[in-house]
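Notes follow the structure.
Just so we're on the same page: letters track the sequence lines, and every chain starts at 1.
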Protein chains: 2
Amino acid sequence: MPDGHTENINQGVTQRSSKYFKEANEVLSNRQKLILKAVVDNYIEYAEPIGSRAISKRNDIGFSPATIRNEMADLEDMGFLDQPHTSAGRIPSNKGYRYYVDHLINQNKMDISKDECNHISQLFTRQFQEFEQLLGETANILSQITNYTSIVLGPEIYRTKLKHIQIIPLSDGNLIVILVTNTGKVEHKSLTVPEGVSIHEIERLVQFLNRKLVGVPLYQLKAKLYTEINQEIQRNAHEYEQSMELIDQLFKEQDNVSNHKVYVGGTTNILNQPEFSDIEKIKALFSMFEKTEEVKELMKSDHKGIDVKIGTENTVEAASNSSIITATYELEGIPLGTIGIFGPTRMDYSRVISIVEFLAKDFSTFITKLYK
Amino acid sequence: MPDGHTENINQGVTQRSSKYFKEANEVLSNRQKLILKAVVDNYIEYAEPIGSRAISKRNDIGFSPATIRNEMADLEDMGFLDQPHTSAGRIPSNKGYRYYVDHLINQNKMDISKDECNHISQLFTRQFQEFEQLLGETANILSQITNYTSIVLGPEIYRTKLKHIQIIPLSDGNLIVILVTNTGKVEHKSLTVPEGVSIHEIERLVQFLNRKLVGVPLYQLKAKLYTEINQEIQRNAHEYEQSMELIDQLFKEQDNVSNHKVYVGGTTNILNQPEFSDIEKIKALFSMFEKTEEVKELMKSDHKGIDVKIGTENTVEAASNSSIITATYELEGIPLGTIGIFGPTRMDYSRVISIVEFLAKDFSTFITKLYK
DNA sequence: ATTAGCACTCACTATTATTGAGTGCTAATA
DNA sequence: TATTAGCACTCAATAATAGTGAGTGCTAAT
């Protein structure tokens with residue numbers, strides 16, 4: 001008995017009065033937990049309401065249908081279960097899922113299979129030309145293993161550190177600026193040269209920036225530029241005004257938007273879920289996946305590690321019937337980006353949580369090895 | 001009468017015997033053309049079979065339902081029309097669509113509206129940071145205007161010319177090579193440095209390559225390297241073997257795959273089409289869009305300008321119920337990439353053809369202005 | 001050569017009846 | 001007092017049936 005409770009399993013109905021206390025002390029009796037878990041487990045597997053008789057027949061339950069009916073009525077009163085119509089069985093409500101995730105997840109189901117493990121590890125033995133390729137492949141594998149839709153957010157560029165600045169003159173008046181970061185990410189941007197600035201002058205400027213800014217995290221770049229280094233540029237550069245204009249061009253508008261790159265894999269998997277058999281719902285979801293801003297919003301989390309958002313806990317309208325499970329990955333302890341799984345609220349939480357957790361950890365150690 | 005035919009419109013039925021000649025001389029009478037066109041136009045607009053009575057009531061047709069029934073029976077015999085079931089009207093077959101596209105498209109419907117025109121032109125007044133952004137926006141606008149799914153293939157990199165090679169040393173033993181092309185495209189690739197090659201040596205090599213290879217189209221790069229320049233490297237480089245190993249790394253595996261970038265826009269638009277109300281079909285299509293290789297295959301064309309593929313003319317299985325209209329865009333007269341529209345075989349050919357044609361031309365002149 | 005007339009076909013819709021899984025309540029039971 | 005058996009009731013889902021109407025092909029009249 002891992003649980004501290006010593007409550008006798010046969011007296012759950014005293015609990016029934018708890019509805020009078022509203023949210024105050026919603027402690028479920030062991031029997032109620034057992035029944036709630038049975039309902040959720042069954043609905044996750046079969047996507048159909050389950051009735052008292054079917055629950056009673058499960059071999060981990062030793063009560064008659066009538067008893068279970070009473071308990072289910074209570075659980076419904078408390079908001080953990082819903083009933084599609086009078087003569088149907090019960091299904092979990094969002095609150096029910098939440099309780100399930102927080103308290104009822106089967107610990108011994110939490111370890112993932114050898115196969116899946118291998119599948120994931122194999123990913124990290126491969127050679128990748130570019131970081132982006134790794135991210136794309138990760139999304140693919142994740143969706144293959146889970147049979148849900150996967151989302152991977154690339155590193156927020158501002159968490160990475162500057163490794164090198166390089167300029168390449170293009171045709172008259174244009175040049176390409178290339179920023180290389182410590183994740184090997186190459187950002188490029190084409191700029192126009194302000195009037196009266198010579199190539200030579202620009203090269204001097206770039207050399208100077210390289211000397212001063214390498215190793216600085218990108219999100220500090222702008223601040224550093226405008227405070228510490230400002231005077232020095234003024235002293236060094238021949239045409240101060242124009243140099244600053246160039247620098248302004250380089251860094252403008254980059255900081256409003258979090259510019260994670262977004263990788264979505266296995267979008268077609270949602271079509272296997274019976275809850276998305278309606279064309280209108282499908283359309284809403286696919287439109288959402290096309291809008292990177294919404295996807296980022298979806299993946300937002302305020303803490304490191306695993307995060308589970310169930311149904312209406314999602315702030316994105318189109319996802320209010322779905323759940324999302326995310327985990328952050330890190331480089332040198334700093335959270336860089338996020339990987340996640342998108343599926344119906346009826347998703348297999350325990351399985352997916354363990355897979356996402358495992359993958360995020362492996363991913364972190366892999367890139368740490370790669371770029372340290 | 002733009003048509004050279006002087007055939008009396010009232011004697012189409014002599015044509016009925018043409019079925020005995022198989023494909024040989026499938027010349028349709030004017031009346032048959034009129035009726036075929038009516039069927040196709042109607043089906044394009046309403047997605048429903050049309051019967052003889054409805055056709056007879058159209059104001060451009062002056063025949064009784066009975067006459068039209070006879071003609072329709074003939075057109076069905078010849079394979080231009082299909083009949084879903086006995087008591088339904090007729091719908092066009094693939095062959096019917098093909099004839100329609102080749103001979104019956106309404107010339108005066110071919111000019112596009114002011115609104116659409118403006119919408120497109122407006123695209124080319126904007127400033128784009130990168131070429132890729134332009135491509136993505138083009139796909140978006142195209143799908144918005146047409147209400148179908150749009151596909152844009154980026155420039156085949158091998159058609160563009162080398163503008164600059166640059167190297168950036170990373171952590172020990174790794175470096176990033178950056179190729180800039182005349183479209184402003186930046187390709188980067190990380191390599192490992194072979195044993196015993198100094199940074200200095202590499203810089204010499206890159207300088208040399210820059211001198212020799214700038215302006216060469218990428219698809220000639222390898223050939224040029226291994227023939228003309230080979231000896232010179234041998235003379236110049238201190239460590240010939242290792243230098244060649246580095247160069248091999250740089251260019252390996254790039255030439256098998258045509259590495260167009262693929263942009264797909266408005267995939268959700270296909271969900272508005274009644275022919276894709278079946279989940280299985282939707283799944284097949286979306287899986288197809290996820291596989292870039294299939295998308296490229298879909299967009300393949302063996303000639304410049306407009307290309308229309310109808311239904312089973314597509315080599316991609318999943319698209320055998322769909323049509324695709326493509327046009328190439330060019331830089332300095334060389335076809336670089338393709339833009340296209342994907343929709344049901346029942347798509348509005350005349351409208352889409354004119355839009356795609358118009359956009360591709362504008363696009364070509366725009367990028368020519370931009371990079372010349 | 002064309003068309004009016006007519007019997008026939010067949011998908012689609014609406015109506016109705018049937019079935020069965022599930023419930024809530026009450027009374028009996030351990 | 002907690003549990004369970006029993007029973008009347010609900011209601012979605014399925015099946016069966018009939019009715020409707022848009023469309024056809026063929027024949028005979030124009």
(request) For G89(B) and for A66(B), find the nucleotide of DNA chain D with the closest heavy atom, then tell me which residue's nucleotide is more 5'. (result)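 So the residue in question is G89(B).
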(request) Could you give me the CA-CA distance, side-chain angles and deciding distance for Q32(A) and L75(A), then say whether side-chain contact (heavy atoms from CB on, under 4.5 Å) is met? (result) CA-CA 7 Å; Q32(A) 285 173 322; L75(A) 285 167; 4.2 Å; yes
[atom1] of [X] versus [atom2] of [N]: gap in Å, rounded?
| X | N | atom1 | atom2 | value |
| --- | --- | --- | --- | --- |
| I50(B) | dA22(D) | CD1 | P | 14 Å |
| E48(A) | dG22(C) | CD | C1' | 13 Å |
| D74(B) | dG25(D) | CG | P | 10 Å |
| F63(A) | dA30(C) | CZ | P | 18 Å |
| I68(B) | dA1(C) | CD1 | C1' | 15 Å |
| I35(B) | dT24(D) | CD1 | P | 11 Å |
| L81(A) | dT23(C) | CG | P | 11 Å |
| N70(B) | dT2(C) | CG | C1' | 9 Å |

(request) Kindly determine whether K300(A) and T315(A) satisfy side-chain contact (heavy atoms from CB on, under 4.5 Å), including the steps that lead there. (result) CA-CA 10 Å; K300(A) 211 167 61 181; T315(A) 51; 5.8 Å; no
(message) Against Y100(B), only a single residue in L36(B), I44(B), V39(B) fulfils side chain to side chain contact (heavy atoms under 4.5 Å, CB included); can you say which?
(response)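 Only match with Y100(B) under side chain to side chain contact (heavy atoms under 4.5 Å, CB included): I44(B).
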Give none if [N] has no partner; otherwise give the nucleotide forming a Watson-Crick or G-U wobble pair with it, both distances under 3.5 Å.
| N | answer |
| --- | --- |
| dA18(D) | dT13(C) |
| dT27(D) | dA4(C) |
| dT10(D) | dA21(C) |

(request) Answer yes or no: does atom CZ of R53(B) have more than 12 heavy-atom neighbours from other residues, nucleotides or ligands under 6.0 Å? (result)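 Counting neighbours around CZ of R53(B), 12 or fewer heavy atoms of other residues, nucleotides or ligands fall under 6.0 Å, so no.
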(message) Using OP1 and OP2 only, check whether a side-chain N or O of R53(B) sits under 4.0 Å from dG21(D).
(response)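 False: R53(B) side-chain N/O out of range (4.0 Å or more) of dG21(D) OP1/OP2.
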(request) Give the nucleotide from the list dG6(D), dA4(C), dT4(D) with an atom nearest to the side chain of R69(A). (result)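 The nucleotide sitting nearest to the side chain is dG6(D).
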(request) Could you check which of dA5(D), dT9(C), dT2(C) has an atom nearest any side-chain atom of S87(B)? (result)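 Comparing dA5(D), dT9(C), dT2(C) against the side chain of S87(B), the answer is dT9(C).
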(message) Show, in sequence, the C-alpha distance, side-chain angles and deciding distance for L104(A) and Y99(A), and conclude whether the side-chain contact (heavy atoms from CB on, under 4.5 Å) test is met.
(response) CA-CA 7 Å; L104(A) 304 177; Y99(A) 193 91; 3.9 Å; yes
(message) Heavy-atom nearest nucleotide on DNA chain C for Q83(A) versus T86(B): which residue maps closer to 5'?
(response)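 Nearest nucleotide further toward 5': that of T86(B).
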(request) Specify the residue among M72(A) and P65(B) whose closest nucleotide of DNA chain C lies further upstream toward the 5′ end. (result)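 So the residue in question is P65(B).
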